[in-house]
Amino acid sequence: MFNLSGKKAIITGGAQGLGFSMVEAFHNGGVEIAVIDISDEITTISDKLKANDAKIHAVKGNLLDIDSLRQSFNEALEKLGGTVDILINSAGLIERKPAFEVSLESWHRILGLNVTSVFELSRLAATEMKKQGSGKIINMGSILSVLGGFNAVAYSTSKGAVLQLTKSLSNEWAEYGIQVNAIAPGYMLTTMNTDLMNDPVRGPQMEARIPAKRWGTPEDVAGVALFLAANASDYVTGTLIPVDGGVLGR
Ligand SMILES: NC(=O)c1ccc[n+]([C@@H]2O[C@H](COP(=O)([O-])OP(=O)(O)OC[C@H]3O[C@@H](n4cnc5c(N)ncnc54)[C@H](O)[C@@H]3O)[C@@H](O)[C@H]2O)c1
């Protein structure tokens, strides 16, 4: 039910943070992985995991550029031998600024990576998954898929869209054996939140709002991703699973 050995996955944004943690967990589960990321750090992933290079393939690409995105997907698919069972869309961007100060260029960049690239990569992967009659697409939403947030207008708009995109694609593709779900991490200990964590006022305020009374770790997210990639979740689709220490339940 939970065995992923021999499966093939494409994971975007896997060079660091939550994406890297999922790469590590899936690698330990026997999954062959192609990581797509813009960062040079992808070339060090195999070393960091002491992995056999045949099981982890690095594909450097810019998912904000549609030609680069398509080329990266094709390269990833080719490196995986022409099939893909799991797509995890983890690459994402945030900018914390009051709405008055957000440039339209930044707005388009955040929507472009967090929504448009997820849509296009999902279509490309689902085209392959449909042929084999099965597949798992896991999108990274956020607690801001549901909450409005504060000083992160483009980000919360994009993550709200990720939730709707997840539901729309699930509605269309469930009949092909493709499950599309999203994970909603809360306040996680990653570089995305370094500013917040180090803020002497907002940092402790955040922690006080978390019923679990601790920030989340990348490993907390990886466990739910493994579930959503496994046969154990074959009848789970079109949903958002919070990994937030209870924040959305408040
Ligand atoms: N960290 C959190 O607290 C948190 C909370 C909720 C949701 N999320 C979501 O989880 C996902 C992962 O978050 P994270 O904390 O690991 O982020 P991160 O910033 O640590 O990592 C993002 C990765 O995406 C890559 N990337 C950025 N722009 C790219 C581009 N144009 N093309 C290809 N790759 C690109 C980066 O190089 C990096 O490796 C994101 O979608 C984020 O919105 C994170």
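When a ligand or atom number is given, it counts from 1 through the structure's own listing order. Heavy atoms only: backbone and side chains are in, while hydrogens, waters and symmetry mates are out. Quantities reported herein were computed from a predicted structural model and do not represent experimental measurements.
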Trainee: Applying a 4.0 Å heavy-atom criterion (strictly less than), which segment of Leu113 is in contact with ligand 1: side chain, backbone, both, or neither?
Mentor: side chain

Trainee: With a cut-off of 4.0 Å, which atoms of ligand 1 are near a heavy atom of Gly61?
Mentor: 32 (N), 33 (C)

Trainee: Please write down residue, atom name and distance for the protein heavy atom closest to atom 11 (C) of ligand 1.
Mentor: Ser90 O, 3.0 Å

Trainee: What protein heavy atom is closest to atom 37 (O) of ligand 1, reported as residue, atom name and distance in Å?
Mentor: Asp37 OD1, 2.6 Å

Trainee: With a 4.5 Å heavy-atom cut-off, do Trp107 and Thr157 have their side chains touching?
Mentor: yes

Trainee: Under a heavy-atom criterion of less than 4.0 Å, does Gly141 contact ligand 1?
Mentor: yes

Trainee: Note the single closest protein heavy atom to atom 43 (O) of ligand 1, along with its residue, its atom name and the distance in Å.
Mentor: Tyr155 OH, 2.6 Å

Trainee: For Thr191, take its heavy atoms, then give the atoms of ligand 1 lying under 4.0 Å from any of them.
Mentor: 20 (O)

Trainee: Is any NZ, NE, NH1 or NH2 atom of the basic residue among Lys79 and Glu32 found under 4.0 Å from an Asp or Glu carboxylate oxygen of the other?
Mentor: no

Trainee: Report the part of Leu18 (side chain from C-beta onward, or backbone N, CA, C, O) that has a heavy atom under 4.0 Å from ligand 1; answer both or neither where that applies.
Mentor: both

Trainee: Please tell me if the side chains of Ile94 and Ser142 come closer than 4.5 Å, counting only heavy atoms from C-beta onward.
Mentor: no

Trainee: If hydrogens are left out, which of Ser21, Ser117, Gly13, Ala184 has an atom nearest to atom 24 (O) of ligand 1, that is, the closest non-hydrogen atom?
Mentor: Gly13

Trainee: Could you identify the single nearest non-hydrogen protein atom to atom 18 (P) of ligand 1 and state the distance to 0.1 Å?
Mentor: Gln16 NE2, 3.3 Å

Trainee: Could you check if a side-chain atom of Trp215 sits within less than 4.5 angstrom of a side-chain atom of Glu207, using non-hydrogen atoms only?
Mentor: yes

Trainee: Nearest protein heavy-atom contact for atom 31 (N) of ligand 1: which residue, which atom, what distance?
Mentor: Asn62 OD1, 2.9 Å

Trainee: Are Arg96 and Asp199 close enough for a salt bridge, meaning some N to O gap below 4.0 Å?
Mentor: no

Trainee: Does some side-chain heavy atom of Pro242 sit less than 4.5 Å from a side-chain heavy atom of Val247?
Mentor: no

Trainee: Please list, in number order, the atoms of ligand 1 under 4.0 Å from a heavy atom of Thr190.
Mentor: 1 (N), 2 (C), 3 (O), 15 (O)

Trainee: Do Lys48 and Glu24 meet the salt-bridge criterion of a basic N to acidic O distance under 4.0 Å?
Mentor: no

Trainee: Which of the numbered atoms in ligand 1 are below 4.0 angstrom from a heavy atom of Gly17?
Mentor: 16 (O), 20 (O)

Trainee: If we ignore angles and hydrogens, is there a donor and acceptor under 3.5 Å between the side chains of Ser168 and Asn171?
Mentor: no

Trainee: Within the structure, is a non-hydrogen atom of Lys159 found at a distance of less than 4.0 Å from ligand 1?
Mentor: yes

Trainee: Out of Ser142, Gly186, Ala91, whose heavy atom is nearest to atom 5 (C) of ligand 1?
Mentor: Gly186

Trainee: Is the closest side-chain heavy-atom distance between Ser106 and Ile110 below 4.5 Å?
Mentor: yes

Trainee: Given Ile38, Thr12, Val118, which has its nearest heavy atom closest to atom 26 (N) of ligand 1?
Mentor: Ile38

Trainee: Which heavy atom of the protein is the closest neighbour of atom 22 (C) of ligand 1, given with residue, atom name and distance?
Mentor: Gly92 O, 4.0 Å

Trainee: Look at ligand 1 and say whether Phe20 reaches it with a heavy atom at a distance under 4.0 Å.
Mentor: no

Trainee: With a 4.5 Å limit on heavy-atom distance, are the side chains of Asn89 and Ile137 in contact?
Mentor: yes

Trainee: What atoms in ligand 1 come closer than 4.0 Å to a heavy atom of Leu63?
Mentor: 30 (C), 31 (N), 32 (N), 33 (C)

Trainee: Would you say the side chains of Gln16 and Asp37 form a donor-acceptor pair under 3.5 Å?
Mentor: no

Trainee: Where does Met192 meet ligand 1, judged by heavy-atom distances below 4.0 Å: at the side chain, the backbone, both, or neither?
Mentor: side chain

Trainee: Between Met140 and Met22, is any pair of side-chain heavy atoms under 4.5 Å apart?
Mentor: yes

Trainee: Go through the side-chain N and O atoms of Ser233 and Lys136 and say whether any donor and acceptor fall under 3.5 Å apart.
Mentor: yes

Trainee: Hey, which atoms in ligand 1 end up nearer than 4.0 Å to a heavy atom of Asn193?
Mentor: 1 (N), 2 (C), 3 (O)

